[in-house]
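From a predicted model like this one, the values you see are computed outputs, not experimental measurements. Basis for what follows: all heavy atoms, side chains included, without hydrogens, waters or symmetry-related copies. Proteins come first, then strands; the chains are lettered A, B, ... in the order of their sequence lines, and each starts at number 1.
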Number of protein chains: 2
Amino acid sequence: MAKPRRVGAEQSETRTTLLDVTERLMVEKGHAAVSSRQVAKAAGVTPALVHYYFSTLDDLFLAILHRRSKSLLEHLQRLVEQCDRPMRATWNALRDPRNTGLLLEFVSAANHRKAIQHQLAETAQRIRSTQVELLGPRIEAAGLGDAFTPAATITLMNAVAYEMVLERSIGMVYGHDEGAALIEILIDRIDKA
Amino acid sequence: MAKPRRVGAEQSETRTTLLDVTERLMVEKGHAAVSSRQVAKAAGVTPALVHYYFSTLDDLFLAILHRRSKSLLEHLQRLVEQCDRPMRATWNALRDPRNTGLLLEFVSAANHRKAIQHQLAETAQRIRSTQVELLGPRIEAAGLGDAFTPAATITLMNAVAYEMVLERSIGMVYGHDEGAALIEILIDRIDKA
DNA sequence: GTCTATAGTTCGATAGAC
DNA sequence: GTCTATCGAACTATAGAC
């Protein structure tokens with residue numbers, strides 16, 4: 001028997017505010033800065049109200065993961081459909097700490113929050129495979145070489161974005177410019193194919 | 001005007017044990033699992049003794065960073081001097097969570113421990129630039145193309161290693177094989193040049 | 001060098017009033 | 001829907017005995 005406790009509605013404005021505030025806290029101060037007290041303070045409410053909407057902190061994290069992955073997948077779709085340089089647009093999105101930094105905080109949080117680990121792996125895989133499906137045809141059309149399969153190329157682009165967001169967060173940027181230049185040559189060759 | 005408190009000697013066997021235990025905790029359970037209590041329990045001593053050797057937890061983290069970076073730099077040097085496939089050897093070292101996983105935990109820890117941020121950036125940069133200095137000549141000799149400068153190539157290799165260690169920690173491996181294959185083609189071309 | 005004991009803090013989560 | 005009040009737990013760090 002779980003917890004038959006009261007839980008706030010999904011449409012609540014307060015609930016949305018709590019999600020916004022928590023997401024910002026995660027990106028700016030790391031997942032460890034997320035506590036019911038810190039979230040409450042930043043949102044201008046009491047800690048108890050946080051627990052009213054999200055019984056446990058895991059629930060809060062999972063709600064953010066769900067909301068963010070949904071909007072990110074939609075964003076990816078739009079990029080590819082409406083943009084004439086979809087690889088470049090995706091690359092720019094990946095370099096944004098609002099996206100990749102948040103994802104990396106989730107990976108880090110999953111270390112001690114086993115409840116989100118499985119959900120996170122599934123989400124990360126869905127995002128990655130969506131990238132491959134949407135951009136794969138263009139990558140293949142560019143004919144960069146046998147090893148540059150869609151999955152390999154997308155993996156490479158994500159890896160460099162990870163590295164840059166991570167290292168930049170501590171103020172280490174050695175090699176970033178040259179690494180980015182290398183990736184951008186690939187990207188431009190694909191976008192222009 | 002700091003703290004004129006007693007501090008254990010650097011040569012102490014207990015001190016070394018505490019460093020070993022903490023390092024293992026960081027790799028296996030994440031930096032958040034490191035508390036004076038958890039370290040003490042894993043080492044079979046009392047929390048107060050941890051503070052005897054390391055006044056603050058920041059001191060403990062910094063001591064590990066210092067010890068580990070020293071041994072890692074020596075290891076890199078040996079790889080290049082004694083191994084006939086230094087790029088492959090470095091790649092294998094980077095894929096080991098004992099190395100890259102620990103570094104990533106430090107990056108994550110630096111989020112809330114500003115005291116280690118600067119030291120970490122300096123250490124990461126020294127490791128990276130050492131890789132470039134030691135392996136750069138071989139990379140240039142391989143003539144992979146203008147964009148494949150030593151710094152760009154090393155950055156790429158590190159990025160993919162980061163990604164694999166990170167994602168593997170949550171059980172996400174999509175694209176890893178193909179991404180690794182791509183890197184290994186580069187590596188082998190460099191090692192055989 | 002190692003311990004016991006403890007002060008002071010922050011946290012997750014709940015009960016129950018309004 | 002939001003609050004006050006609170007329990008119990010884990011944490012950092014210190015003082016001081018042995």
Side-chain angles (χ1 to χ4, degrees), chain A residues 1-22 25-26 29-64 105 108-116, chain B residues 1-22 25-26 29-64 105 108-116:
Chain A
M1 289 324 303
K3 314 153 192 165
R5 210 167 83 227
R6 292 194 299 170
V7 173
E10 287 222 9
Q11 300 75 21
S12 158
E13 209 167 290
T14 303
R15 199 188 116 109
T16 302
T17 301
L18 291 176
L19 289 176
D20 292 342
V21 162
T22 305
L25 268 180
M26 282 184 80
K29 315 219 173 187
H31 73 274
V34 174
S35 66
S36 41
R37 283 171 162 83
Q38 293 297 315
V39 170
K41 192 204 270 186
V45 296
T46 59
L49 196 58
V50 177
H51 285 286
Y52 167 68
Y53 285 103
F54 308 97
S55 303
T56 68
L57 285 191
D58 282 343
D59 290 339
L60 173 55
F61 282 116
L62 284 172
I64 290 179
E105 278 306 317
S108 180
N111 232 331
H112 254 206
R113 298 185 172 275
K114 296 307 178 189
I116 73 174
Chain B
M1 271 304 299
K3 313 154 193 165
R5 210 167 83 228
R6 293 195 299 171
V7 173
E10 286 223 10
Q11 299 75 21
S12 158
E13 209 168 288
T14 303
R15 199 188 115 109
T16 302
T17 301
L18 292 176
L19 288 175
D20 292 341
V21 161
T22 305
L25 269 180
M26 282 185 80
K29 315 218 174 191
H31 72 275
V34 174
S35 67
S36 40
R37 280 173 161 80
Q38 292 298 314
V39 170
K41 192 204 270 186
V45 296
T46 59
L49 195 59
V50 176
H51 285 286
Y52 167 68
Y53 285 102
F54 308 96
S55 302
T56 68
L57 284 192
D58 282 343
D59 290 339
L60 173 55
F61 282 117
L62 284 172
I64 290 178
E105 278 305 317
S108 180
N111 232 330
H112 253 204
R113 297 186 172 275
K114 297 306 178 189
I116 73 174

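The side chain of Ser35(A) approaches dC11(C) more closely than any other nucleotide in the set dC11(C), dT2(C), dA15(C). Checking dT12(D), dT14(C), dC11(C) against the side-chain heavy atoms of Arg37(A) singles out dC11(C) as nearest. Nearest nucleotide to the Thr56(A) side chain, out of dA13(D), dC3(D), dA13(C): dA13(C). Here the side chain of His51(A) is nearest to one of dA13(C), dT12(D), dA15(C), namely dA13(C). The Leu49(A) side chain lies nearest to dG1(D) when the options are dG1(D), dT14(C), dT2(C).
Side chains of Asp59(A) and Val7(A) form no contact here, defined as non-hydrogen atoms less than 4.5 Å apart. Val50(B) places none of its side-chain heavy atoms less than 4.5 Å from the side chain of Thr22(B). Ile64(B) is not listed as a side-chain neighbour of Phe54(B), based on a closest heavy-atom distance of 4.5 Å or more. Between Tyr52(A) and Thr46(A) there is no side-chain heavy-atom pair separated by less than 4.5 Å.
Computed from coordinates, the Arg113(A) CZ to dC11(C) P distance equals 12 Å when rounded to whole Å. Rounded to an integer number of Å, the gap from CG of Leu25(B) to P of dC11(D) is 11 Å. At whole-Å resolution of the value, NZ in Lys41(B) and C1' in dC3(C) are 18 Å apart. Atom CG of Leu18(B) and atom C1' of dT2(C) are 12 Å apart (whole Å). Atom CG in Leu60(A) sits roughly 10 Å away from atom P in dA13(C) (whole-Å rounding).
With DNA chain C read from its 5' end, the first of the two nearest nucleotides for Ala48(A) and Ala32(A) is the one closest to Ala32(A).
Within the structure, a side-chain polar atom (N or O) of Thr14(B) is placed less than 4.0 Å from OP1 or OP2 of dT2(C). The phosphate of dT2(D) has neither OP1 nor OP2 within less than 4.0 Å of any side-chain N or O from Tyr52(A).
At the heavy-atom level, Gln38(B) lies under 4.0 Å from the strands shown only through sugar-phosphate atoms. Residue Phe54(B) is out of contact with every strand shown, counting any heavy-atom pair closer than 4.0 Å. Contact annotation for Thr46(A): base contact, defined as any heavy-atom pair under 4.0 Å involving a base atom.
A donor-acceptor contact shorter than 3.5 Å links the side chain of Thr16(B) to the backbone of Ser12(B).
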